[in-house]
Amino acid sequence: MSLKILLAEDVHMIRGALVALLELEPDLEVVAEVDRGDCIVRTALETRPDVAVIDVDLPGTDGLTAAADLHEQLPSCRTLILTSLGRPGTLRRALSAHVTGFLLKDSPPDQLALAVRSVAAGRRVVDPQLALAAWDCADNPLSARELEVLRLAARGADAAEIAGCLFLSKGTVRNYLTAIVSKLGARNRIDAIRLAEEAGWIP
């Protein structure tokens with residue numbers, strides 16, 4: 001019996017190449033393709049894949065959030081995250097989202113099929129160097145609310161827009177941003193965003 005795969009990748013050319021690569025394998029079948037994170041759970045519930053191969057950076061809902069939602073609603077489906085950025089913090093977020101595998105996009109092509117089979121069998125697949133780096137990586141010092149504020153700031157929102165999105169006052173948002181800069185030892189808000197992105201704490 002073939003393993004059924006859902007593939008989530010927003011870049012059409014890459015998605016086509018991944019589908020072609022997977023379907024070269026006689027025991028793998030791509031049953032669904034999506035280009036947005038907010039389509040993953042609905043499509044998975046319709047097609048019941050064994051493994052969801054998910055790009056970490058997707059429009060609508062990021063890949064790790066979608067993976068966590070998928071684990072809640074369809075726990076029989078394993079997840080394999082693909083990323084071009086091997087950030088230790090991203091790996092730690094992936095593990096907390098119940099992701100079974102984490103593969104870098106520049107891995108050798110034959111590693112993808114092997115990873116899918118391993119993940120389907122319930123084995124964890126993580127690049128060993130990245131696993132070591134994640135082990136050494138400092139814990140995220142920011143609260144969930146601070147991460148929400150910083151994530152919106154990283155998308156270009158100013159204090160008023162962040163306040164409107166999170167139903168806070170502008171003063172409260174400014175206090176959060178000051179606390180974030182202080183906790184991260186950053187020079188300013190832009191530096192705090194850079195540090196958090198490099199650590200993988202915000203997508």
Side-chain angles (χ1 to χ4, degrees), residues 8 10 36-42 44 52 54-75 77-104 124-127 129-203:
D10 62 319
R36 295 180 57 85
D38 48 12
C39 296
I40 289 173
V41 173
R42 174 173 47 82
I54 302 173
D55 181 21
V56 77
D57 294 311
L58 291 170
T61 301
D62 72 86
L64 296 182
T65 301
D69 292 343
L70 184 59
H71 177 75
E72 282 185 16
Q73 299 196 44
L74 190 65
C77 179
R78 313 281 188 180
T79 49
L80 174 64
I81 291 289
L82 294 180
T83 181
S84 55
L85 298 172
R87 293 172 175 162
T90 304
L91 174 57
R92 290 172 72 122
R93 285 180 58 223
L95 296 178
S96 67
H98 304 284
V99 165
T100 318
F102 194 92
L103 196 64
L104 297 175
R124 202 177 280 292
V125 177
V126 179
D127 177 87
Q129 290 303 114
L130 192 54
L132 283 173
W135 185 269
D136 294 335
C137 182
D139 286 332
N140 179 1
L142 303 180
S143 69
R145 178 60 94 183
E146 286 167 342
L147 284 171
E148 283 182 300
V149 169
L150 193 59
R151 194 174 289 119
L152 289 169
R155 292 174 185 165
D158 60 21
E161 290 167 325
I162 295 170
C165 286
L166 300 181
F167 305 103
L168 300 169
S169 71
K170 283 195 290 184
T172 300
V173 169
R174 289 194 190 98
N175 289 341
Y176 274 125
L177 290 168
T178 300
I180 289 165
V181 169
S182 175
K183 282 185 178 182
L184 297 184
R187 294 187 301 276
N188 51 39
R189 183 192 311 185
I190 302 301
D191 194 36
I193 291 168
R194 178 187 62 79
L195 291 168
E197 287 178 338
E198 286 178 357
W201 296 329
I202 57 174

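The model shown is predicted, which means the values in this text are computed figures rather than measured ones.
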(message) Going by salt bridge (Lys or Arg N to Asp or Glu O under 4.0 Å), name the residues that satisfy it together with Arg124, two or more places apart in sequence or in a different chain.
(response) none
(request) Please name the pair of heavy atoms, one in Ala66 and one in Gly37, separated by the smallest distance, quoted to 0.1 Å. (result) CB-O, 3.7 Å
(message) Once rounded to the nearest 0.5 Å, what's the spacing between atom CD1 of Ile54 and atom OG1 of Thr83?
(response) 12.5 Å
(message) What's the separation between atom CG in Leu103 and atom CG in Leu80, rounded to the nearest 0.5 Å?
(response) 5.5 Å
(request) Evaluate the side-chain proximity of Val149 to Glu146: yes if any heavy-atom separation is below 4.5 Å, no if none is. (result) no
(message) With a 4.0 Å cut-off on N to O distance, would you call Arg151 and Glu148 a salt bridge?
(response) no
(message) Nearest 0.5 angstrom please: Leu64 CG to Asp69 CG, how far?
(response) 11.0 Å
(message) To check you understand the geometry: which heavy-atom pair defines the closest contact between Ile81 and Ala67, and what is its length?
(response) CD1-CB, 4.4 Å
(message) For Ile40 versus Ala8, what's the shortest heavy-atom pair and its separation?
(response) CD1-CB, 3.6 Å
(request) Measure across Gly101 and Val99 and return the closest heavy-atom pair with its distance rounded to 0.1 Å. (result) O-CG1, 2.8 Å
(message) Among residues at least two apart in sequence or on other chains, which ones pass salt bridge (Lys or Arg N to Asp or Glu O under 4.0 Å) with Lys170?
(response) none
(request) Report the distance from atom CG of Leu168 to atom OH of Tyr176, rounding to the nearest 0.5 Å. (result) 6.0 Å
(message) Main chain of Thr178, side chain of Ser182: is a donor-acceptor contact present, judged purely on distance under 3.5 Å?
(response) no
(request) Could you list the residues that satisfy salt bridge (Lys or Arg N to Asp or Glu O under 4.0 Å) with Arg42, not counting sequence neighbours? (result) none
(request) For Glu197 and Ala154, work out which heavy atoms get closest and say how close. (result) OE2-CB, 4.1 Å
(request) Look only at the side chain of Asp55 and the backbone of Leu58, and say whether a donor-acceptor pair between them is shorter than 3.5 Å. (result) no
(message) Is the shortest side-chain heavy-atom distance between Leu150 and Leu142 below 4.5 Å?
(response) yes
(request) Quick one: pull up CG in Asp191 and CZ in Arg194 and give me the separation to the nearest 0.5 Å. (result) 4.5 Å
(request) Please report the closest heavy-atom contact between Asp38 and Gly60, naming both atoms and the distance. (result) OD2-CA, 3.5 Å
(request) Check whether any side-chain heavy atom of Val181 lies under 4.5 Å from a side-chain heavy atom of Leu177, and answer yes or no. (result) no
(request) Measure the spacing between CZ of Arg145 and CD1 of Ile180 and express it to the nearest 0.5 Å. (result) 11.0 Å
